[in-house]
Amino acid sequence: MIRQPIVSVLAHVDHGKTTLLDTIRNSAVAQKEAGGITQCIDATEVPIDAIKKITKNLLKNVKITIPGLLFIDTPGHEAFSSLRKRGGAISDLAILIIDINQGVQPQTRESIEILKTFKVPFVVALNKIDMINGWKPQNTYSYLESIKHQNDFVKEEIQNKVYEIMGELSSFGFDSDLFTNISDYTKTLSIIPISGKTGEGIAELLAVLVGMAQKYLENRLEIDPNSEALGTILEVKEVKGLGKVIDAIIYDGSLKRGDLIVIGTNDEPIVTKVKALLKPKPLTETREKMINFRPVDKVVAACGVRIAAPDLDRAVAGMPLMSAKGDIEKVKEYIKKEISSVKVDTQEEGVVIKVDTLGSLEAILSLVRKENIPIKKAEIGPVSKSDVITARNVEDKYLRVIFAFNTQVLPDAKKLAEEFKIKIFRSDVIYKILEDYEEWKKEEEERERKEAMAKLTLPAKIRILPGYVFRQSKPAVCGIEVLEGKLTKGSKLMNAEGKVIGEVKDIQDQGESIESADKGMKVAISIEGAVIGRNVDEGEDLWTDIPLDDFKTMTTKYKDLLRDTDLEALRQILELKRKHDPMWGL
Ligand code: GDP
């Protein structure tokens with residue numbers, strides 16, 4: 001038997017996922033095929049008859065065997081949970097929604113990477129075409145029909161937007177084009193302009209999905225309805241009168257009331273008995289918001305179903321489930337293998353990663369590996385004290401961090417992390433975590449470099465201001481101006497002959513002691529060893545005497561930190577030094 005393809009919908013926030021799914025649902029209901037359309041909280045089954053009516057003649061040349069499409073709507077990144085299973089993806093197809101005016105955004109990038117990781121074929125729905133200036137909404141689900149009634153400049157604008165998106169997608173390695181220009185959907189990614197709001201373009205979107213399913217997925221969709229049910233948990237929730245229930249997608253086999261099921265957890269799998277299977281009642285009205293569930297005896301893949309059973313306390317979203325009509329031990333083994341199939345190559349020196357679900361784990365691992373960031377530990381669950389302790393034992397300060405992807409940081413872990421100065425990067429977008437981490441790393445490196453640089457004797461040229469000698473000697477105190485570079489405390493000073501006349505003990509600016517004085521500043525300094533009037537005079541120019549090691553470090557490691565004025569001071573110092581030693585600094 002051929003089951004419905006499972007279609008995931010991914011989008012950056014506000015690009016129109018909810019609206020599109022509502023419109024697909026409503027359009028199907030409007031075709032008076034309501035009897036077959038059901039909606040779980042997370043899944044909508046649209047029967048093929050409704051699709052045929054919406055798509056009119058678009059599918060007339062396609063031999064259709066699929067019974068419909070099952071759309072999964074999971075909030076935000078949780079789509080990943082619904083995507084992943086051992087050795088691939090649960091979703092057979094995906095729609096990536098991109099707002100026509102906003103283009104590729106962080107969650108779009110992330111979705112593309114995830115779709116690549118899980119190898120899910122997808123189409124791009126270029127949404128909100130009705131927002132293009134001058135767009136005249138037509139009462140049709142067809143983009144091709146509607147575009148006939150649009151002005152040339154509107155057509156041109158859409159074409160330009162399509163080109164822009166094609167460019168952006170090519171940076172991810174995808175060859176894409178407007179769907180009308182595509183002959184082979186396996187090689188080229190199709191872009192379908194739509195409006196989730198007016199419904200224009202939905203006919204083509206559905207037709208392309210059905211076409212792709214028929215052409216490339218038939219083998220994958222063949223199931224034995226009597227085999228063990230295989231599924232994944234989308235959500236675990238508390239329902240009045242039922243206690244803990246799970247909303248799951250069943251993608252293979254069938255499940256009956258009374259069946260034993262095995263559910264994956266972080267340790268031993270849960271084995272429990274299905275007390276009730278609940279399916280939402282078919283939608284009858286287009287604007288029906290309340291979902292009424294009715295108990296059923298059996299469900300067959302592919303479908304969304306709510307399962308009530310005892311002992312669901314340890315169940316979490318994203319975990320696999322399987323029925324155990326036969327050998328329980330075998331099923332338990334299968335489930336354990338499924339969980340351990342997410343391979344984490346750990347190293348002594350690496351970051352600690354915590355995530356909410358198995359799908360998220362696989363997703364973040366693939367992106368972190370791509371960035372060549374080593375991993376010490378990667379697990380499902382909130383960030384706990386023991387994670388902080390694990391991170392603390394990492395030697396490399398740039399790896400002594402925790403990535404928390406869509407998971408909580410427990411309060412005592414947060415406190416401990418603050419105490420140990422361990423940085424936790426937490427977000428619902430993997431890219432955000434990686435970007436924040438890279439930025440932090442850069443800032444830290446920069447700060448460290450500046451600190452190290454500040455410890456060196458910096459190049460400076462100064463002038464003792466005439467009339468500003470406050471003390472002749474022991475130590476000499478006088479007013480100076482920094483002519484080039486930056487004068488730091490502790491620098492030795494030399495005269496135009498390259499002879500050292502003393503060492504800067506203190507720098508004061510308006511009575512306050514400061515560490516350094518930059519070009520242009522007029523400050524008071526004390527010079528240990530100098531005797532004004534004897535080895536140095538008012539109005540004389542002096543240079544810092546840079547030790548050879550400092551010179552080498554500065555001109556190799558910190559070259560980029562040297563400004564023009566530093567380079568000028570350095571050039572003059574080099575000239576003085578080479579008067580005595582022509583090879584100095586070479
Ligand atoms: P989600 O965050 O991806 O689920 O986005 P929503 O479906 O909630 O849409 C975000 C906003 O964009 C809402 O204000 C929608 O009304 C609006 N929107 C979504 N699709 C369209 C569309 O095709 N055209 C226009 N004009 N607005 C849209």
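In listed order, ligands and their atoms are each counted from 1.
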Who's the nearest protein heavy-atom neighbour of atom 4 (O) of ligand 1, and how far?
-> T18 OG1, 2.4 Å
Is the shortest distance from a Lys or Arg side-chain nitrogen in K432 or E439 to a carboxylate oxygen in the other one below 4.0 Å?
-> no
Find out whether the Lys NZ or Arg CZ of K423 is both under 6.0 angstrom from the six-membered ring centre of F425 and within 45° of the ring's axis.
-> yes
Heavy-atom side-chain contact between I375 and V344 under 4.5 Å = yes
At what distance is the nearest protein heavy atom to atom 17 (C) of ligand 1, and which residue and atom is it?
-> K128 NZ, 3.9 Å
Which atom of L144 lies closest to which atom of E204, heavy atoms considered | N-OE2, 3.0 Å
What is the nearest protein non-hydrogen atom to atom 3 (O) of ligand 1, stated with its residue, atom name and distance?
-> K17 N, 2.7 Å
For G196 and ligand 1, does the shortest N/O to N/O distance drop below 3.5 Å?
-> yes
Is a donor on one side and an acceptor on the other found under 3.5 Å between the side chain of Q138 and the backbone of H149?
-> no
What part of N127, side chain, backbone, both or neither, has a heavy atom within less than 4.0 angstrom of ligand 1?
-> side chain
min-distance protein heavy atom vs atom 7 (O) of ligand 1 -> T19 OG1, 2.5 Å
Going through the distances and angles, do F403 and V352 end up as a side-chain contact (heavy atoms from CB on, under 4.5 Å)?
-> CA-CA 6 Å; F403 293 170; V352 172; over 6 Å; no
Using heavy atoms and a threshold below 4.0 Å, how should the contact between K197 and ligand 1 be classified: side chain, backbone, both, or neither?
-> both
CA sep, side-chain torsions, deciding dist, call: L59, I51, side-chain contact (heavy atoms from CB on, under 4.5 Å) = CA-CA 9 Å; L59 285 167; I51 294 175; 4.2 Å; yes
Under-4.0 Å heavy-atom contact between protein and atom 13 (C) of ligand 1 = no
Of all the non-hydrogen atoms in the protein, which one sits nearest to atom 24 (N) of ligand 1, and at what distance?
-> D130 OD1, 2.7 Å
Does K56 NZ have over 12 foreign heavy atoms under 6.0 Å away?
-> no
Compare L10, D14, V13 and give the one whose heavy atom is closest to atom 10 (C) of ligand 1.
-> D14
Would one find an N or O of G16, backbone or side chain, under 3.5 Å from an N or O of ligand 1?
-> yes
